[in-house]
Protein chains: 2
Amino acid sequence: MADQTSTGLPRSIEAAWGLGERPSRGPKPGLTLDRIVAAAITVADTEGLDALSMGRVAKELGSSAMSLYRYVTAKDELLALMVDAGFGAPPEPMPEDWRAGLTCWARAEFMALITRPWLVQVPITGPPVTPNQLGWLESGLKSLSRTGLDAGAKMSAILLVTGYSRNAATLAIQIVAPPGEQIMPDYAAVLRKLIDPDTFPELTAVVDSGIFDADDDHSAEFDFGLDRILDGVAALLPAKGEAATE
Amino acid sequence: MADQTSTGLPRSIEAAWGLGERPSRGPKPGLTLDRIVAAAITVADTEGLDALSMGRVAKELGSSAMSLYRYVTAKDELLALMVDAGFGAPPEPMPEDWRAGLTCWARAEFMALITRPWLVQVPITGPPVTPNQLGWLESGLKSLSRTGLDAGAKMSAILLVTGYSRNAATLAIQIVAPPGEQIMPDYAAVLRKLIDPDTFPELTAVVDSGIFDADDDHSAEFDFGLDRILDGVAALLPAKGEAATE
DNA sequence: GCGCTTCTGCGTAAGTTATACGCAGAACTA
DNA sequence: TAGTTCTGCGTATAACTTACGCAGAAGCGC
């Protein structure tokens, strides 16, 4: 009886969809969800996610912590909205060719995550339900629309790619600049001290190859894995050559 | 001068590698790192990661919170050790064929993550440095040892697969049984209420296809994506037919 | 125009947390 | 046996989320 309105989602999420019929009875709200989320993002951008507390956000707005709870029922909700706004609108328009489109899409996600490292730190609490999150999903599916894949395959492919971007970004962030504290100065040196070449022969060979020392281009590294995934997807397609026709 | 010993890593991590020379002067420790980690895992398994506090772990051991800080300098360290122990030893032996081996490896990781949902909730704070973590890495690399790939390609491939397992597990956990609270009862219904078919045509089509309703086999879903990735890796290999020999 | 209702901002406070500090006493060394 | 070096742990602090409830604003019905 409490949530007759609609989706069963928290009110703030519905508000993000524009579903909130604003009550016309009481005093006008002095804040806005948008302003709160923007302030929270500012804090996270400049001081990191650990520094983000309700009080800190409120101070940013010149308000008090408890005021925020008129707009958001819990901190988790604020985080969800921050993630949605932090990603921003999905990249559009994109190349027609499915492969070029997905590449563009994946790179955009990777860049978004690198730009705001706290995005990957926010614990995922459920399937995507916010506008931009679903917008990105839609945008990715669009690239595959002419491939002839069925719905399940499309979703799997998209999940594959988005998961890869997330993972690559997480790694890139951690090795280059861990958000919390110190940068791992010489991962290769640490590994060399820890692992015994007899029990870790393969890993030793990788360390000796020097790829951990020479911190090479992240983009190249990223594209390599992405191309593997897309090769796999490509192998799925009916060999009609549809992808080539304008 | 503080950490002349070795790696610059926290002492508890070094202890996990067996590097800790136990001092023979004072009273015998009443606890063990292993016991602490085991108790923490018990708490996480039964009550979830949110319920895991230093005090809660101490109560499990009949000890006090501050005692734990003789073994672990911060909660983060305990979490890192929990993850390492939670994964357990890597799956071995594995099939010789690289593809069968990696499939087995990826499934094992997926299962480990599904079995202990809190594993994916622990925030990643850096590159892997604990014994089992690196053991899994070694184990994965081993599958690729006869493929002729260079070190960088091997690492990329492994990162690809492990990232995929992580991602698939995260999704599976969230949709089937979110660790925090409520199960998303009908994701498809929620989406139908939120999205407008005109602005989300692709997503609408996917929802209408019913794949969100029929919560199908996770294993099949998992294997699909994995095969895509391995197809991509396979396309990299020199066409010697080495993979087919024995 | 008047009171009632409904809402907002926000102060207060409660309940949890991680963890710094330091002491009493145990166990080993000489 | 004296001294040293540890351990367990009590106390205390600082930070955090958030329940509760009040004072007052803004609109509604009459």
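Within every chain, numbering begins at 1; the chains are lettered A, B, ... in the order of the sequence lines, protein sequences first and strands thereafter. These numbers come from the heavy atoms of this one structure, side chains and all, not from hydrogens, waters or symmetry mates.
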Beyond-backbone contact of E202(A) with V206(A), side-chain heavy atoms, under 4.5 angstrom: no

Which sits closer to the 5' end of DNA chain D, A74(A) or Y71(B), going by the nucleotide each is nearest to? Y71(B)

Among dG9(C), dG11(C), dT5(D), which nucleotide sits nearest the side chain of R25(B)? dT5(D)

Within the pair Y69(A) and dT8(C), is there a side-chain N or O less than 4.0 Å away from OP1 or OP2? no

Protein-nucleotide distance (E77(B), atom CD; dA18(C), atom P), rounded to Å: 14 Å

Let's go through W118(A) and D45(A) carefully: what are the C-alpha distance in whole Å and the side-chain angles of both, what is the deciding distance for side chain to side chain donor-acceptor pair (under 3.5 Å) to 0.1 Å, and is it a yes or a no? CA-CA 8 Å; W118(A) 51 267; D45(A) 280 345; 2.7 Å; yes

Between E109(A) and R166(A), is the closest basic N to carboxylate O distance under 4.0 Å? no

Base, sugar-phosphate alone, or nothing: which one does S67(B) contact when heavy atoms must sit under 4.0 Å apart? base

Whole-Å distance between dT16(C) C1' and M54(A) CE? 17 Å

Indicate, with a heavy-atom threshold strictly under 4.0 Å, whether M66(A) touches base, sugar-phosphate, or nothing. base

Selection from dG8(D), dG27(D), dA18(C) that lies nearest to any side-chain heavy atom of K28(A): dG27(D)

Could you tell me whether F222(A) and Y164(A) have their ring centroids closer than 6.0 angstrom? yes

Round to a whole Å and report the spacing from CG of L52(B) to P of dA18(C). 8 Å

Quick one: is dG9(C) close enough that its OP1 or OP2 comes under 4.0 Å of any side-chain N or O from S63(A)? no

Without decimals, in angstroms, what is the distance between D50(A) CG and dA18(C) P? 14 Å

In terms of the nearest nucleotide of DNA chain D, which residue is placed more toward the 5' end: R70(A) or R56(A)? R56(A)

Taking the nucleotide of DNA chain C with the nearest heavy atom to each, does D76(B) or P27(B) sit closer to the 5' end? D76(B)

